[in-house]
Amino acid sequence: AQSVAQPEDQVNVAEGNPLTVKCTYSVSGNPYLFWYVQYPNRGLQFLLKYITGDNLVKGSYGFEAEFNKSQTSFHLKKPSALVSDSALYFCAVAPGGYSTLTFGKGTMLLVSP
Amino acid sequence: DAGVIQSPRHEVTEMGQEVTLRCKPISGHDYLFWYRQTMMRGLELLIYFNNNVPIDDSGMPEDRFSAKMPNASFSTLKIQPSEPRDSAVYFCASSYSGNTIYFGEGSWLTVV
């Protein structure tokens with residue numbers, strides 16, 4: 001069975017600084033990896049995904065993520081954080097040829113002015 | 001596209017009452033998912049359908065929960081009878097041929 005670990009419950013960063021939200025995964029075969037963001041009282045919004053190809057994936061709102069097969073990681077990054085990036089971020093994984101996603105517990109990102 | 005549409009957005013009900021949550025997936029999508037989100041357990045997949053057929057309901061917590069998809073544009077999740085521990089946010093989501101899954105805004109359920 002697949003699983004996702006987001007080791008940090010919360011990440012704090014100052015506006016303008018780079019941010020990283022960590023994710024590691026466990027799955028049989030080649031993984032499909034996703035990041036979603038959830039703003040307060042809203043549903044999950046798709047940010048980006050890795051299926052195959054370039055290990056660096058670019059997504060919405062200036063976010064990117066790097067797939068590292070040897071470390072089984074898929075960390076979310078942004079070069080310069082905005083206060084409006086403050087939200088709950090979920091990493092998710094599915095085995096290749098997937099139908100469903102398994103989500104991590106989520107990481108709260110707080111960007112201070 | 002209007003996205004995945006869920007109703008009601010908020011529901012407060014008394015223990016023992018029947019609760020019905022409704023979902024309209026994105027037009028053309030052939031997969032529909034029901035997830036539940038709680039502080040304690042995070043996001044859990046309850047059940048998913050492919051072409052209106054339930055494929056995996058192993059996440060449905062107990063017999064009090066049931067889900068149906070009578071056609072490609074409508075699904076329901078029913079809880080009968082409801083209990084306080086069912087209080088959660090219930091998300092419906094859909095995808096096309098196993099591609100990116102898109103979520104609705106959720107139904108906030110409180111059982112008192």
**OP:** Go through the steps for B:Tyr35 and A:Leu101 under the test side chain to side chain contact (heavy atoms under 4.5 Å, CB included), then give the verdict.
**Re:** CA-CA 10 Å; B:Tyr35 281 87; A:Leu101 294 175; 3.8 Å; yes

Supply the atom-to-atom distance [X] [atom1] to [Y] [atom2], rounded to the nearest 0.5 angstrom.
| X | Y | atom1 | atom2 | result |
| --- | --- | --- | --- | --- |
| B:Ile101 | A:Phe46 | CD1 | CZ | 10.5 Å |
| B:Leu43 | A:Leu88 | CG | CG | 8.5 Å |
| B:Met39 | A:Lys105 | CE | NZ | 10.5 Å |
| A:Thr100 | B:Ile55 | OG1 | CD1 | 11.0 Å |

Hydrophobic clustering (ILVMFWY, side-chain heavy atoms < 4.5 Å, transitive) - are [Y] and [X] grouped together?
| X | Y | answer |
| --- | --- | --- |
| B:Leu32 | B:Phe65 | yes |
| B:Phe49 | B:Phe33 | no |
| B:Ile47 | B:Val89 | no |
| A:Ile51 | B:Tyr96 | no |
| A:Tyr25 | A:Phe63 | yes |

Side-chain contact test, heavy atoms from C-beta onward, threshold under 4.5 Å: evaluate it for [X] versus [Y] and give yes or no.
| X | Y | result |
| --- | --- | --- |
| B:Gln37 | A:Phe90 | yes |
| B:Leu45 | A:Phe103 | no |
| B:Thr100 | A:Tyr32 | no |

**OP:** Measure B:Met40 against the heavy atoms of chain A and call it side chain, backbone, both or neither at under 4.5 Å.
**Re:**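 Just the backbone, heavy atoms under 4.5 Å.
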
Original post:
What part of B:Gln6 lies closer than 4.5 angstrom to a heavy atom of chain A: side chain, backbone, both or neither?
Top reply: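 For B:Gln6, there is no contact with chain A at all, as no heavy atom is under 4.5 Å.
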
Any chance [atom1] of [X] has more than 12 other-residue heavy atoms, nucleotides or ligands included, within less than 6.0 Å?
| X | atom1 | value |
| --- | --- | --- |
| B:Glu14 | CD | no |
| B:Arg9 | CZ | yes |
| B:Asn71 | CG | yes |

Original post:
Taking A:Asn41, A:Leu44, A:Thr102 one by one, which has the highest count of heavy-atom pairs under 4.5 Å against chain B?
Top reply: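 Highest number of heavy-atom pairs under 4.5 Å: A:Leu44.
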
Original post:
Which bit of A:Gln38 comes within less than 4.5 Å of chain B, counting heavy atoms only: side chain, backbone, both or neither?
Top reply: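 Contact with chain B involves the side chain of A:Gln38 alone.
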
Subject >> Residues of residues 103-112 of chain B with any heavy atom under 4.5 Å of a heavy atom in chain A >> reply: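 Listed by number, the contacting residues are B:Phe103, B:Gly104, B:Glu105, B:Trp108.
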
